[in-house]
Number of protein chains: 2
Amino acid sequence: MTKEPPSLTPDTTVPTLADVARRAGVSTATVSRCLNSPDQVIERTRTRVMQAVKDLGYAPNFSARALAAKHTNTIGAVIPTMENAIFARGIQAFQEELGRHGYTLLVASSSYQEALEEEQIRTLAARGADGLLLIGYHRNAKLHEFLRQRSIPTLIAWAFEKESDLPAIGFSNKHAMADLARLVLEKGHRKIGMISADTGANDRARDRLAGVMLAAREAGLDVDRIPVIETTYEIESGVQAFRQIMAWTPRPTVVFCGNDVLAIGALKAAKEMGLSVPEDVSITGFDDIEIASLAEPALTTIHVPHREMGRRAAGMLIDMVTKNASPNSVELQTDIRLRRTLGPPKT
Amino acid sequence: MTKEPPSLTPDTTVPTLADVARRAGVSTATVSRCLNSPDQVIERTRTRVMQAVKDLGYAPNFSARALAAKHTNTIGAVIPTMENAIFARGIQAFQEELGRHGYTLLVASSSYQEALEEEQIRTLAARGADGLLLIGYHRNAKLHEFLRQRSIPTLIAWAFEKESDLPAIGFSNKHAMADLARLVLEKGHRKIGMISADTGANDRARDRLAGVMLAAREAGLDVDRIPVIETTYEIESGVQAFRQIMAWTPRPTVVFCGNDVLAIGALKAAKEMGLSVPEDVSITGFDDIEIASLAEPALTTIHVPHREMGRRAAGMLIDMVTKNASPNSVELQTDIRLRRTLGPPKT
DNA sequence: GGAACAAATGTAAGCGCTTACATTTTTTTA
DNA sequence: TAAAAAAATGTAAGCGCTTACATTTGTTCC
């Protein structure tokens, strides 16, 4: 017990609706109306109330409002990570569009862990999110049951599966990757490898891998002999994985990467190993994040309209929440960005 | 009016505390205790209650809890943008540490707009944030008054000013930049330029600029003739600004950039202009984001321990919230990362 | 001018939880 | 074994808002 730290105790108390009502000489109902549907109250009293609000520095208590009104004007989103530019960008657009419609966004990130994601979803639900944005399909079935019971509209983004009837906005990771792989194989590559994220709990990663395998099978390759390394979405992981995969026999002439972050790592490793890209080995990514075109050599990758996806997701979700209707899923188009890291194999 | 969309109406109703209590044959108080301080209730009834919770799929209503308990175990943070890796990274660490202590993070981003930031702060306060993390010092004074009235402990991050008595964790943007500038000037540069973010509402940007000017003055340069271009923190802005600044007479032999994003843009522009770096012009950044070392040539910049800052910020804020005490501000050390974009001026 | 209606405001009942205080049950102590 | 103390549980009063319904005030129209 030495010297006390300075106390942070308040000078004043926090004003409530009732305080405002008292000061303005009206009932709490009127104050509430002034705040929520101003046109229901006559101008004269409205200005008086607003003045009281201002004088007191009143700000409505969100929890109390949520409890009474049973909605929050809040949308929740659970993303795998904030550290990948694609989510950061998509979510930013999502938030901007939500804001335009008077909704607030609550973001949580799950670090690609299924259990954590589930917990975050429950937290967001408990916090009264009116709707939810989730990434991909892979998820415990009873979670969707939980959300249905609470009638929380949920939209899936960054993925699209024709067969599913869950509302979604995204693209087919499999088709996109297969298209790219076909193009690569047409260039004559026969020894291929893939660096993927963990496919266990990540359907996007799984689909991208499946896309490569699909194209490989079409091209008559023995898919069982294709080296696949699963790792985390970090540059350094890409470095390690690339080293490993290049030690394979036969050595790949092209390495597909599950996303651009991994591809950047692979590129870095190639340089360190003294390999020239694409002469010695071609490298491809996925996402088309900003560094992709800045890399040296620039990265061949698949462009995904992240911003558009975020923006439109917001619109869809607001519709679901307000109209209580299930929208048509939308499939977005991706396209291949052919850049310098892809070339024909050495002969 | 064509076909109705499928309705999303719930099959069931959402269980409440009272439902659980009824099913377990106890009072609501006991259920509440089971959830919040389990050791206050005897094992036998606790298991019974927990079973009821499980059977019903009960999840506590956050708003109701917040309203009754007057705290939320929630920390709010307002950052300028999610799209800059430094905040994404720092905030991720912040969140992880908060999570470890049972706190939830609410993030909002202000797009570097003062008015928006203020609004976000009020929103977070209304949502019952127990504490707040804010970036930098620049802020309407009455906002701090507002937070004090509501006794919401607030920590400032990414900046540190000795003179201020607001709790903060960060570093001196001015000193860090001045150190770098001194080093640059020692190499013989006399024609310098700076690409900065808008200094109007951004004290970090202002301090970084001040750092360059300080060192320049020490070196006897005429600071009024140093070209400074203010722009937004985007790669493309860096490109434009670099072109502009290189048209200055006399043409700079070194361009200081307010952060790495701008520097990457400058580097790109230099390449496009056929200038070689650092032979024709040196370029420096600030932050040491991941691409800085990946760029070609690698970027000389100032390394900031973003992760550490985020982690420690969480600890400090939790202390402030729980112990209701004002902590000592902490100044973190930055250090210069000398890489290839910096060289002596051409003679 | 007053009936008929519309607009503005007030009254008060919750929303689902926590917690101070009261009561009951169990354990300890002499 | 009974009184005292401690532990477990129950009772009920809010927390700060919204909103259905009731009441008052204002407007319209013949």
Asks: Using modelled atom types and a 3.5 Å cut-off, is there a donor and acceptor pairing between side-chain atoms of B:Gln120 and backbone atoms of B:Ser109?
Replies: yes
Asks: Which nucleotide in the set C:dC17, C:dG10, D:dC17 lies at the smallest distance from any side-chain heavy atom of B:Thr16?
Replies: C:dC17
Asks: Of all the nucleotides listed (D:dT9, C:dG14, C:dG10), which has the minimum atom distance to the side chain of A:Ala68?
Replies: C:dG14
Asks: Looking at D:dC17, D:dT11, C:dA8, which one has an atom nearest to any side-chain atom of B:Ala29?
Replies: D:dT11
Asks: Say whether, by atom type as modelled, one donor and one acceptor occur between the side chain of B:Asn202 and the main chain of B:Asp198 under 3.5 angstrom.
Replies: no
Asks: With the threshold set at 4.0 Å, does a side-chain nitrogen-carboxylate oxygen contact exist between A:Arg122 and A:Glu119?
Replies: no
Asks: Are any side-chain N or O atoms of A:Ser164 and backbone N or O atoms of A:Leu166, one a donor and one an acceptor, separated by less than 3.5 Å?
Replies: yes
Asks: Check the distance between C:dA8's C1' and A:Arg48's CZ and give it to me in whole angstrom.
Replies: 12 Å
Asks: The side chain of A:Ala69 lies closest to which of these nucleotides: D:dT11, D:dT18, C:dG10?
Replies: D:dT18
Asks: Please report the distance, rounded to the nearest Å, between CZ in B:Arg22 and P in C:dG16.
Replies: 11 Å
Asks: To the nearest angstrom, how far is A:Asn36 atom CG from D:dC17 atom P?
Replies: 11 Å
Asks: For A:Thr28 and for B:Ala18, find the nucleotide of DNA chain C with the closest heavy atom, then tell me which residue's nucleotide is more 5'.
Replies: A:Thr28
Asks: Rounded to the nearest Å, what distance is computed from the CZ atom of residue A:Arg44 to the P atom of nucleotide C:dA8?
Replies: 13 Å
Asks: Measure the shortest side-chain to side-chain distance between A:Arg311 and A:Glu308 over non-hydrogen atoms and say whether it is less than 4.5 angstrom.
Replies: yes
Asks: A:Ser32 near the nucleic acid: base, sugar-phosphate alone, or nothing, with a heavy-atom cut-off under 4.0 Å?
Replies: base
Asks: Of the candidate nucleotides C:dT18, C:dT9, D:dG16, which contains the atom at the shortest distance from the side chain of B:Leu67?
Replies: D:dG16
Asks: If you look at every strand shown and take non-hydrogen atoms under 4.0 Å, does B:Ile42 touch a base, only sugar-phosphate, or nothing?
Replies: sugar-phosphate
Asks: Which nucleotide, D:dG10, D:dG16, D:dT9, lies nearest any side-chain atom of B:Lys70?
Replies: D:dG16
Asks: In whole Å, I'd like the distance from the CG atom of B:Asp39 to the C1' atom of D:dT9.
Replies: 15 Å
Asks: Would you indicate what B:Phe62 reaches in the nucleic acid, counting non-hydrogen atoms under 4.0 angstrom: base, sugar-phosphate, or nothing?
Replies: nothing
Asks: Keeping the roles fixed (side chain from B:Thr154, backbone from B:Ile152), state whether a donor-acceptor pair exists under 3.5 Å.
Replies: yes
Asks: Nearest whole Å is fine: how far is D:dC17 C1' from B:Asn61 CG?
Replies: 13 Å
Asks: For the helix from C:dG1-D:dC30 to C:dA30-D:dT1, figure out the bend between the end axes, five pairs an end, and round to 10 degrees.
Replies: 30°
Asks: Could you tell me if the side chain of A:Glu117 sits less than 4.5 Å from the side chain of A:His138, heavy atoms only?
Replies: no
Asks: Atom NE2 of B:His71 to atom P of D:dC15: distance rounded to whole Å?
Replies: 17 Å
Asks: Side chain of A:Arg33 only, please: which of D:dG16, D:dT9, C:dG10 is the nearest?
Replies: C:dG10
Asks: Is there a donor in the side chain of B:Asp130 and an acceptor in the side chain of B:Thr74, or the other way round, less than 3.5 Å apart?
Replies: no
Asks: Can you tell me how far P of D:dC17 sits from CG of A:Asp19, to the nearest Å?
Replies: 9 Å
Asks: According to a strict under-4.0 Å criterion, is A:Ser27 in side-chain N/O contact with OP1 or OP2 of C:dT9?
Replies: no
Asks: A:Ser63 or B:Gly25: which one's nearest nucleotide on DNA chain D is closer to the 5' end?
Replies: B:Gly25
